[in-house]
> 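This is the structure, below, for whatever I ask next.
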Amino acid sequence: MVQTRLSCRECHYINHADSQTCENCGSSSLTEDWAGYVVVTHPDDSAIAEEMNVKEPGGYALKVR
Ligand SMILES: [Zn+2]
């Protein structure tokens, strides 16, 4: 069985496959339809994190459809 992780449509945070709400922002708008996994370790130093408006370290999707 494939465990498909879910990306939040609001903040792009990658949540566990059985998540009902986003661990990062609490949104219930989660989707399997995302691409590009980015790990942000130091949001303050990261141009990508700034671009994506990421404030917390973690795994994020580059594209959420
Ligand atoms: Zn979120």
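Counting starts at 1 for both ligands and their atoms, in listed order.
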> Enumerate donor-acceptor pairs with a distance under 3.5 Å from any side-chain N or O in residues 53-65 to protein atoms, sequence neighbours excluded.
unit_1: Asn53; atom_1: OD1; unit_2: Lys55; atom_2: NZ; d: 2.8
unit_1: Tyr60; atom_1: OH; unit_2: Glu56; atom_2: O; d: 2.5
unit_1: Arg65; atom_1: NH1; unit_2: Asp33; atom_2: OD1; d: 2.8

> Could you tell me whether a side-chain N or O of Asn15 sits under 3.5 Å from a main-chain N or O of Glu23, the two making a donor and an acceptor?
yes
> Would you mind counting protein N, O or S atoms that sit less than 2.8 Å from the Zn ion (ligand 1)?
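There are 4 of them.
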> What are the two closest non-hydrogen atoms of Ser29 and Glu10, and how far apart are they?
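Between these two residues, the closest heavy atoms are CB-OE2, 4.2 Å.
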> Counting distance only, does the side-chain N/O of Asp45 pair as donor-acceptor with the main-chain N or O of Pro43 below 3.5 Å?
no
> Is it the case that the side chain of Ser19 and the backbone of His16 share a donor-acceptor pair, with hydrogens and angles ignored and the cut-off at 3.5 Å?
yes
> Counting distance only, does the side-chain N/O of Trp34 pair as donor-acceptor with the main-chain N or O of Arg5 below 3.5 Å?
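Checking the backbone N and O of Arg5 against the side chain of Trp34, a donor-acceptor pair under 3.5 Å is found.
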